[in-house]
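The figures here come from the full heavy-atom set of this structure, side chains too, leaving out hydrogens, waters and symmetry mates. We count ligands from 1, going down the list as the structure has it; atoms in each ligand are counted the same way.
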Amino acid sequence: MDKHGSESYFVEGEGLLAESNEGRDAAAPQVASLQAAPPFRFSRMGPKGVNRQLGEANLKKVAREMAAGGGGAGRIPAGFTYLGQFIDHDLTFDKTNVMLGQNVSPAQLLQGRSPALDLDSLYGAGPQDPESAKFYEADGIHLKMGKTRAAGGFPGKDGFDLPRGDGTTTAAKRRAIIPDHRNDENLAVAQTHLAMMRFHNRVADGLPASVPAGQRFAKARELVTKHYQWMIRTDFLPRICAAGVINNVFNQGRKAFEVGVPANQLPTMPIEFSVAAFRLGHAMIREAYDWNKAFDDGAGTLFWLFVFSATGGDLGGAPRLAADWTADFRRLYDFKEANKPNLAVPDGKFNRAMRLDTTLVDPLRTLPPGTFGGSDSMAFDNPRRNLAFRNLMRAKMVKLATGQQMATFLKGKGVNLTKLTKAQIRNGNGGADLSLLTTSQRDAFLKDTPLWFYIMREAELNNGKLKGVGARIVAETFHRAIEGSQASIIRDTSFKPSLGPNNSTFRMVDLMLFAFESKKALLAPLV
Ligand code: HEM
């Protein structure tokens, strides 16, 4: 089983807060010079939550209630859940893990360990870097894709699995040859990664012949990255977050995070985003999907999506993905949005994400240890396998500000928001039930509410869309990450999308149509 390396929170101005060897960071770099340098750069947007952290017994109970299942159905197409996970891994990827140490300058090092929406989880350090060359075809332009193996009566096909096959043992061969193994943690995120590879390769194919060979990779990457950022700004974010807040931040600027810094200064990653707000995606995960023609009617369970990956599972014991598990993207994204009714499935086959609220589906109470680098022998009911408990404990570990502290902080920065009342936090709207807490536990919880829970309650009370504290943290962090990327649609104000239906539209469905050439046989290869 592939293990994640140690997780460290190097918070700017505070140093290394704590370390645990059960984290989500990709393998730690082997090169001494990189080990000596500060790891990925986190920061704190708001105040410290000193004397505001709840006891472990309290958090354990809350986590149990959060991951008890239930919760509402949402409207967002389910593909956006795993696009969100892919984006998260892009933001929090430590590129120095795949860089060749001796050649890394201090400036590159800082950049490699700074969050940006620049797809380094897809590109690694680029085809010229000896450590990353393995991600590319011999031309140094196209990304290498893998082949599925024949299964269930479906033939194996090139381009439908992540590239694998290095090493001699089955386990080594199974390991995906991609920069960030978190993108092979479940099948849905793995197939999303593959779709992004395909998008890059198609963009590279479509470059005019006049672009010299030596510039083709860089040109394709820039075009891909800017379209990806455009899609995030105009399609992904408005689906999860109140549109007014996104527009306010992108049109008027930030009020709370890295305000007034030079646009091209390297950003940091606020822990309020990574340890709380953007863990919103955990609520969107479904227990089961109508995955494809072979695994229909809920047969694509989360359990199997883990099994058919090589970080959360073992590909069912095989070295490559079984062809009958290839995604049917028509069931994950709604191509009717792009006027392609021929690429739509009947409503009953379409998968929608769970509502953004305070509940997680039950299987997340007992994560496979491979998803967080835990030991295979970990007992089934160990609370450390509960994703909600992990999130709440991680916040305690870094003394994260509470929801109330962040609301006060943001209001002080001139952000217009209304604090949740104790009654709202207690009752929510069809989310986690706090009645099992003792009176004193509940009083403490309503006074100092963990930020992640607070943000999910806000969304739950707003029909499943972030607002208030959550919306502001997410919008400002994305704004900064796009601004600080090497290719940036905020810094390059003249950029307009050229790969969608017109020069102001580029949605995820447009990205998929471009990547898969609008062909049913590619978007849904089992049909
Ligand atoms: C089946 C899908 C998923 C699984 C099994 C999963 C599991 C995990 C685990 C085990 C952690 C580390 C917890 C800790 O010890 O602190 C984590 C962190 C995180 N997850 Fe997820 N996650 C999934 C999907 C998502 C989605 C859809 C999003 C967002 C849209 C997301 C956002 C995050 C963020 C922001 C972090 C913290 C930073 C990081 O390490 O990447 N996750 N997740």
Side-chain angles (χ1 to χ4, degrees), residues 3-9 18-26 39-40 42 63 67 74 76 78-94 115 121 180-190 192 232 236-237 239-241 269-289 300-309 311-313 353-354 356 360-361 363-374 378 383-398 400 451-452 455-456 466 470 473-474 477-478 481:
K3 297 244 193 280
H4 296 291
S6 66
E7 178 161 314
S8 50
Y9 280 82
E19 268 183 304
S20 82
N21 56 12
E22 276 176 14
R24 299 259 303 152
D25 287 349
F40 193 80
F42 288 97
I76 303 174
F80 286 96
T81 307
Y82 300 93
L83 173 66
Q85 191 177 16
F86 176 88
I87 292 171
D88 170 51
H89 296 167
D90 177 18
L91 278 170
T92 60
F93 183 60
D94 185 342
S121 57
D180 188 344
H181 291 106
R182 293 176 302 178
N183 282 347
D184 193 19
E185 179 251 79
N186 67 71
L187 180 57
V189 74
T192 305
I232 290 173
F236 175 74
L237 285 178
R239 288 180 195 266
I240 59 165
C241 197
M269 167 53 60
I271 51 180
E272 291 83 355
F273 177 91
S274 75
V275 177
F278 206 57
R279 297 195 183 202
L280 60 90
H282 294 163
M284 296 169 78
I285 298 165
R286 296 186 67 85
E287 189 166 356
Y289 296 84
T301 58
L302 193 54
F303 172 83
W304 288 115
L305 298 188
F306 286 135
V307 168
F308 285 99
S309 73
T311 301
M354 300 299 285
L356 288 179
L360 310 188
V361 292
L364 297 174
R365 195 160 22 161
T366 47
L367 282 176
T371 60
F372 54 87
M378 209 178 221
R384 295 167 68 79
R385 292 180 67 167
N386 179 337
L387 187 52
F389 184 64
R390 295 193 72 82
N391 291 346
L392 295 171
M393 285 302 284
R394 191 67 69 195
K396 183 177 167 75
M397 176 187 111
V398 299
L400 200 66
L451 184 58
W452 179 53
I455 287 170
M456 300 317 291
L466 296 187
I473 294 175
V474 165
T477 307
F478 270 95

Criterion side chain to side chain donor-acceptor pair (under 3.5 Å) on Gln85 and Asn186, from CA distance to verdict: CA-CA 10 Å; Gln85 191 177 16; Asn186 67 71; 3.0 Å; yes
Side chains of Val275 and Phe42: closer than 4.5 Å at any heavy-atom pair? no
If you measure every N/O of Arg394 against every N/O of ligand 1, is any gap under 3.5 Å? yes
Quick one: does Phe40's side chain get under 4.5 Å of Pro115's, heavy atoms only? yes
Show the nearest heavy-atom pair for residues Phe306 and Pro368, with the distance to one decimal. CD1-CG, 3.5 Å
Least distance between heavy atoms, Ile285 atom then Leu302 atom: CG2-CD2, 3.6 Å
Using the rule side-chain contact (heavy atoms from CB on, under 4.5 Å), only one of Val398, Thr477, Ile455, Ile473 pairs with Glu272; which is it? Ile473
Heteroatom distance test (His89, ligand 1): nitrogen or oxygen, under 3.5 angstrom: no
Does the Arg385 side chain pair with the main chain of Leu367, one donor and one acceptor, at a distance under 3.5 Å? yes
Does Met284 come within less than 4.0 angstrom of ligand 1, counting non-hydrogen atoms of the residue? no
Just which atoms of ligand 1 are under 4.0 Å from any heavy atom in Asn186? 1 (C), 2 (C)
Parallel, tilted or perpendicular: rings of Phe236 and Phe478 (30°, 60°): tilted
Please state which part of Ile285 comes within less than 4.0 Å of ligand 1, counting heavy atoms only: side chain, backbone, both or neither. side chain
Please report whether ligand 1 has a polar contact with Tyr82, defined as an N or O pair separated by less than 3.5 Å (distance criterion only). no
Are Leu91 and Phe273 close enough that some pair of their side-chain heavy atoms sits under 4.5 Å apart? yes
Which atoms of ligand 1 sit under 4.0 Å from any heavy atom of Phe306? 1 (C), 5 (C)
Closer than 4.0 angstrom: is that true for some heavy atom of Arg182 and an atom of ligand 1? yes
Do any heavy atoms of Phe273 fall under 4.0 Å from ligand 1? no
Leu367 neighbourhood, listing ligand 1 atoms whose heavy-atom distance to it stays under 4.0 Å: 5 (C), 10 (C)
Distance only, no hydrogens: is a donor on one side chain within 3.5 Å (strictly under) of an acceptor on the other, for Arg365 and Asn386? no
Is Tyr9 close to ligand 1, meaning an N/O of one under 3.5 Å from an N/O of the other? no
Does Arg279 reach ligand 1 with a nitrogen or oxygen that is under 3.5 Å from one of the ligand's nitrogen or oxygen atoms? yes
Counting heavy atoms only, which of Ile87, Asp88, Leu387, Ile271 comes nearest to atom 38 (C) of ligand 1? Asp88
Using a strict 4.0 Å cut-off to heavy atoms of Glu185, name the atoms of ligand 1 that fall inside it. 3 (C), 4 (C), 5 (C), 6 (C), 7 (C)
What atoms of ligand 1 come closer than 4.0 angstrom to any heavy atom of Phe372? 10 (C)
Atoms of ligand 1 close to Gly84 [distance to a heavy atom under 4.0 angstrom, numbered from 1]: 29 (C), 30 (C)
